[in-house]
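Below is one structure; the comments refer to it alone.
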Amino acid sequence: MSKRPHLAAACAAIGLLFSSSLLHAQDVTTPAVTTQTQERPVAAPEADAAANGDAQAPAPATAEQAPPTTSTDTPAAAPDATAGSTATGDATAPAEETEFAEALEERQSSLPHDLSPWGMFMAADMVVKGVMIGLAIASVATWTVLIAKIFELGAAQRAASRAVRHLTEAKGLAAAEELFSGKRNVPARMVAAARQEVDNSDAVLDFVSDGGVKERVASRLQRSEVQAGRQIAKGTGLLATIGSTAPFVGLFGTVWGIMNSFIGISQAQTTNLAIVAPGIAEALLATAIGLVAAIPAVVFYNFLARAITGYRQALTDTSAAIERLVSRDLDVRRARLASQRGARQDSTLVRIG
């Protein structure tokens with residue numbers, strides 16, 4: 001009987017060593033359950049040894065059955081399930097990112113990459129493109145009117161200045177006609193109109209006052225001035241129209257382009273600047289072209305208005321010089337007539353005496 005406690009202790013020691021080796025092997029594969037596995041095999045042999053005090057039930061069997069308990073296997077299975085779900089989520093996330101990247105790339109591939117003025121014009125909406133074409137035509141018309149009026153006004157002002165100088169130096173209307181013979185400018189037509197009116201009134205000049213003739217000549221000269229001023233001002237109304245309406249036409253193109261940009265944002269379902277920027281750039285290009293057409297039109301209109309005012313003033317001076325010549329001719333005619341009448345009276349008195 002004295003050997004049984006020693007034998008039981010020896011068996012317990014062997015079982016403890018065997019269970020420790022098994023626990024060490026499980027610790028390498030599943031580190032999360034090492035503590036729980038080590039506590040149970042150690043406590044079970046000590047409790048059996050203390051309760052029974054003998055080794056009727058072999059301790060090694062208990063040690064062999066302890067490792068494959070469900071308490072150690074169950075916690076190890078849970079991390080495997082979690083890892084599987086994590087792996088599935090990781091696999092789904094890259095797929096979604098790939099689809100988003102492909103969709104973004106497809107949207108960006110449809111965007112215009114040439115943001116030069118010509119590239120933006122070609123990529124613009126039809127309405128915006130029509131606005132740009134109209135404003136470009138208006139700009140060309142502005143420069144055309146300016147160039148044409150510069151040459152026309154220059155020639156007309158030089159002719160009016162020479163006419164005023166020649167009419168001031170002339171002794172009468174007949175001398176002025178000789179100076180302007182063969183010419184078709186406005187001063188020559190004014191001199192011809194004055195001569196025509198004097199010739200039409202020649203039959204009554206000896207019997208009536210010359211006030212009516214002067215009024216008729218002034219009226220014809222005034223109408224010639226108005227006609228010449230209207231003729232020289234042709235085209236400037238177009239400049240005024242372009243200067244006042246071109247900014248608003250460009251603004252219409254801008255509003256239309258920005259509206260299309262917002263529509264594109266709603267369709268693409270993104271506020272990425274790469275999607276919004278081309279449409280806004282096209283819209284702003286329409287505004288820029290409108291300003292390019294409007295600003296020169298306003299400047300040129302003011303310039304031509306001042307030049308036309310100076311030309312009309314030169315025509316007024318021409319008219320005044322012609323009226324002076326007509327008045328001088330009438331006075332000379334009246335003086336000649338008075339002298340002839342005086343000579344007749346003297347001859348009559350001589351014959352009577």
Side-chain angles (χ1 to χ4, degrees), residues 135-201 213-246 292-330:
L135 291 174
I137 294 174
S139 180
V140 173
T142 298
W143 287 93
T144 303
V145 170
L146 173 68
I147 294 173
K149 287 300 175 182
I150 284 177
F151 287 105
E152 185 179 359
L153 271 171
Q157 285 179 343
R158 287 192 298 270
S161 299
R162 286 195 301 267
V164 171
R165 186 172 61 254
H166 293 329
L167 291 172
T168 303
E169 295 173 355
K171 302 300 182 181
L173 193 59
E177 285 183 327
E178 293 179 0
L179 292 173
F180 290 98
S181 61
K183 296 181 180 179
R184 302 180 57 131
N185 52 22
V186 177
R189 290 197 298 267
M190 294 173 72
V191 171
R195 169 54 67 185
Q196 184 180 4
E197 186 60 36
V198 171
D199 292 341
N200 292 336
S201 303
V213 178
K214 292 179 180 179
E215 289 179 0
R216 290 190 293 272
V217 170
S219 176
R220 295 195 64 171
L221 293 177
Q222 183 180 4
R223 299 315 303 169
S224 298
E225 289 180 30
V226 173
Q227 183 179 2
R230 187 182 298 114
Q231 180 68 29
I232 202 67
K234 284 184 178 180
T236 58
L238 179 63
L239 296 181
T241 302
I242 293 174
S244 60
T245 59
V292 167
I295 294 173
V298 174
V299 174
F300 298 161
Y301 176 79
N302 293 331
F303 168 74
L304 292 177
R306 291 191 298 270
I308 290 172
T309 301
Y311 173 67
R312 286 176 175 172
Q313 185 63 40
L315 291 180
T316 302
D317 295 340
T318 303
S319 231
I322 294 174
E323 289 178 2
R324 287 194 299 270
L325 292 178
V326 171
S327 177
R328 185 181 301 162
D329 288 345
L330 292 175

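Below, each value reflects all heavy atoms present in this structure, side chains not excepted, and no hydrogens, waters or symmetry copies. Count residues from 1 along the sequence.
- Annotation: side chain of R324 is in contact with side chain of T168 (closest heavy-atom distance under 4.5 Å).
- Heavy-atom minimum distance, V145 versus G235: CG1-O, 3.6 Å.
- In this structure, the separation between CG on L173 and CD on E178 is 11.0 Å, given to the nearest 0.5 Å.
- The two residues V213 and S201 come nearest to each other via the heavy atoms CG2-CB, 3.7 Å.
- Atom OG1 of residue T309 and atom CG of residue L304 lie 10.5 Å apart, to the nearest 0.5 angstrom.
- Between V186 and A228, the shortest heavy-atom distance links the atoms CG1-CB, 3.7 Å.
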Chi angles and distances behind the side-chain hydrogen bond (donor to acceptor under 3.5 Å, both in side chains) call for K214, S327: CA-CA 7 Å; K214 292 179 180 179; S327 177; 3.2 Å; yes

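- The closest donor-acceptor contact from the side chain of E197 to the backbone of S219 lies at 3.5 Å or more, if one exists at all.
- Taking all atoms of both residues into account, the shortest heavy-atom contact from A138 to I242 is O-CD1, 3.5 Å.
- Separation of atoms CG (L179) and CZ (R162) is listed at 12.0 Å; rounding is to 0.5 Å.
- Under a cut-off of 6.0 angstrom, the local environment of CZ in F300 is crowded, with over 12 non-hydrogen atoms contributed by other residues, nucleotides or ligands.
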Verdict with reasoning, K149 to K234, per side chain to side chain contact (heavy atoms under 4.5 Å, CB included): CA-CA 9 Å; K149 287 300 175 182; K234 284 184 178 180; 4.1 Å; yes

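- Within the 4.5 Å cutoff, no side-chain heavy atoms of K183 are placed close to those of R189.
- Side-chain contact between D329 and V198: absent, with no pair of heavy atoms (C-beta onward) separated by less than 4.5 Å.
- The minimum heavy-atom distance between Q157 and G310, with the atom names listed, is NE2-C, 4.5 Å.
- Within the model, atoms CD of Q227 and CG of L315 stand 11.5 Å from one another, a figure rounded to the nearest 0.5 Å.
- Taking CZ of R195 as the start and CG of N200 as the end, the distance is 11.0 Å to the nearest 0.5 Å.
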Steps toward side chain to side chain contact (heavy atoms under 4.5 Å, CB included) verdict (L153, I308): CA-CA 7 Å; L153 271 171; I308 290 172; 4.0 Å; yes

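- Note: I150 CD1 to E152 CD = 11.5 Å, rounded to the nearest 0.5 Å.
- The closest side-chain heavy-atom distance from L167 to I322 is below 4.5 Å.
- Scanning both residues, A170 and R328, for their nearest heavy atoms gives O-NH1, 3.2 Å.
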